[in-house]
Amino acid sequence: MAHFTDLDFPHTPGAHPDWQESWVLIFRDRVTNCVGFLRTGSYPNQGTTQTHWGMALPDGTRFRRHLLDRRMQPGDRTEKTASSGTMKVSFENPDYVHFQGHDPDAEADLRIYDFYPSQNYELIGASRSVDGDHTSGSREAHGHPESAGRVEGHVRIGDHVIEIKDGYGYREHGFGPRALGKEPPQFFRSARAHFGSLGPALSYSLITSHAADGSFHKFGFLMLDGRREKIKDFHTFNSTFGDGLSVVGGWTQVLLENGQKIRIDVETIDGIVTSTSLNNGGPGSSSAGVEALSIPRWNGHEGICDFNMIDNAHRGEQPVSNLFLANSEDGLSKRKDDLSWIHSNR
C-alpha cells in the first residue's frame with residue numbers, strides 16, 4: 001500500500017492570483033538509462049495549465065515539449081487527479097501514483113510505488129540575509145511534499161519504446177503562490193535543487209536558493225535506510241560546459257547532525273531547459289534553468305536525480321552577495337564559513 005494523505009492530493013486554491021499546484025516525476029530505467037522529467041500543473045485562479053515534459057536516451061535521442069498557457073477544461077482538477085491536457089497525474093489507485101503523458105512524438109505511462117510517506121522539507125541552518133530573516137510573507141496554503149519509489153510502466157520516444165520493470169523515480173508536489181513573471185523581477189539569482197533516490201538506501205531533496213533580494217537559504221531532507229536524518233549543512237557543486245548552463249555532473253556533500261558525511265556523486269545523462277511563462281526564459285518569465293537528469297552514486301548504490309541548476313547570479317546591475325569561496329570584500333577579512341569538512345573525505 002502507498003502512504004497517501006490529504007497532503008498528496010489536489011488542494012483548494014488560495015486566493016492569490018499566482019497560486020499554483022503541480023506534480024513532478026523524474027525517472028530512470030536502470031536497464032537502458034532512459035531518463036525523464038514529467039510535470040503537470042495549473043494556475044487555477046488564472047484558468048491555465050502547464051506541461052513541462054522531457055525524456056532522453058544516452059545515445060542523444062531526446063524529446064521535449066512544454067505547453068505553458070493551455071486554458072483549463074472541466075475535469076482538469078478532481079479530488080484525486082490533475083491534468084494539463086497532455087499530461088495527467090492520478091492518486092485513484094491506493095498502491096501507486098500514476099503519471100500519463102501523450103504527444104505525437106512521445107508517450108509515458110508510469111506508476112511509482114513509494115518507498116516512504118511524502119516528506120516536507122525544512123530550513124537548514126541559519127538564514128543568510130542582507131537585512132535579516134526573510135519569509136514569503138504569504139498566508140496562502142502552501143507546501144512541497146515529496147517521495148521516492150520504484151517505477152514500472154513504459155515510455156516512447158519517437159520509435160523507441162522502453163518497457164520499465166524495475167526503475168527508480170522521485171516525485172514532487174508543490175502548491176502555493178508562485179509568480180509567473182513580474183516587474184520588478186522576483187526570481188532567483190541562483191538556485192540548486194538536487195533531489196533524487198538511490199533506492200531504499202538513500203533518497204533526498206537538497207535545495208539552495210539565492211533570492212532576488214540577496215538572501216540565501218538552504219532547505220531539504222534526507223532519508224537514510226527509510227529513516228529521516230537531520231541535516232546540519234550541505235553544499236552542491238555543479239560542473240558545466242562553457243555555456244554556463246549545460247550541466248555535466250558534480251556532487252553534493254552533506255553533513256548530518258550526527259557528524260556523518262555523505263557525498264553523492266552525479267553523472268548527467270541529459271538536461272532539459274525549463275522556465276515559467278516562456279519556453280526558454282526571457283522578458284516576463286523566470287530565468288531558464290536546466291533539469292539535469294542524472295545518475296547519482298553513493299556507497300555502491302546508484303539511482304536517479306535531478307541536478308537542477310538556475311544561474312542568474314548578478315541580477316543585472318545588482319551586487320553579488322553571500323559568496324562561499326570567492327572574496328568580494330575590500331581589505332583584510334576572514335572567510336566566515338568553515339568549509340574544511342567538504343574536502344576531508346575526497
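From a predicted model like this one, the values you see are computed outputs, not experimental measurements.
- Considering Arg30, Lys165, Arg111 in turn, Arg111 is the only one that fulfils the salt bridge (charged side-chain N to carboxylate O under 4.0 Å, His left out) rule with Glu152.
- Residues Pro17 and Asn45 share a closest heavy-atom pair of O-CB, 4.0 Å.
- Proximity of a side-chain donor or acceptor of Ser294 to a complementary backbone N or O of Pro296 within less than 3.5 Å is not detected.
- Follow the hydrophobic side-chain contacts under 4.5 Å out from Met87 and you reach Ile112 in the same cluster.
- A side-chain donor-acceptor contact under 3.5 Å links Ser147 to the backbone of Tyr116.
- Between the OG1 atom of Thr252 and the CD1 atom of Ile264 there is a distance of 6.0 Å, given to the nearest 0.5 Å.
- Ionic pairing of Lys230 and Glu257 is not present here: no N-O contact between side-chain nitrogen and carboxylate oxygen is shorter than 4.0 angstrom.
- Note: Phe175 and His173 meet the aromatic proximity criterion, with ring centroids under 6.0 Å apart.
- A distance-only check finds no donor-acceptor pair linking the side chain of Arg39 to the backbone of Gly41 [under 3.5 Å].
- Contact annotation: the side chain of Arg64 approaches that of Asn279 to within less than 4.5 Å [non-hydrogen atoms, C-beta and beyond].
- For Asp6, the CG atom is loosely surrounded, since the number of other residues' heavy atoms within 6.0 Å does not exceed 12.
- Trp53 and Phe37 are assigned to two separate hydrophobic clusters, defined by single-linkage of ILVMFWY side chains at heavy-atom distances under 4.5 Å.
- In terms of hydrophobic clustering, with Ile, Leu, Val, Met, Phe, Trp and Tyr side chains grouped at heavy-atom distances under 4.5 Å, Ile26 and Phe221 are assigned to a common cluster.
- For Thr268 (side chain) and Asp270 (main-chain N/O), no donor-acceptor pair under 3.5 Å exists by modelled atom type.
- Under the 4.5 Å side-chain heavy-atom criterion for Ile, Leu, Val, Met, Phe, Trp and Tyr, Val151 and Val155 are members of the same hydrophobic cluster.
- Residues forming a ring pair (Phe, Tyr, Trp, His ring centres under 6.0 Å) with Tyr121 (at least two apart in sequence, or on another chain): His144, Phe219.
- Within 6.0 Å of atom CG in Asp69, 12 or fewer heavy atoms from other residues, nucleotides or ligands are found, so the atom counts as exposed in its surroundings.
- Atom OG1 of residue Thr40 and atom NZ of residue Lys88 lie 10.5 Å apart, to the nearest 0.5 angstrom.
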| task | Output, in order, the C-alpha distance, side-chain angles, deciding distance and verdict of side chain to side chain contact (heavy atoms under 4.5 Å, CB included) for Leu224 and Gln260. | result | CA-CA 11 Å; Leu224 188 60; Gln260 183 177 358; 3.8 Å; yes

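- Atoms OG and CG, on Ser203 and Leu222 in that order, are 8.5 Å from each other to the nearest 0.5 Å.
- Geometric assessment of Arg28 against the ring of Tyr168 yields a negative cation-pi assignment under the 6.0 Å and 45° thresholds.
- The closest donor-acceptor contact from the side chain of Tyr43 to the backbone of Arg178 lies under 3.5 Å.
- When the shell of 6.0 Å around CZ of Arg297 is examined, it contains more than 12 heavy atoms from other residues, nucleotides or ligands.
- Phe63 and Val35 sit in two unconnected hydrophobic clusters of ILVMFWY residues. Membership requires side-chain heavy atoms under 4.5 Å apart, directly or through other members.
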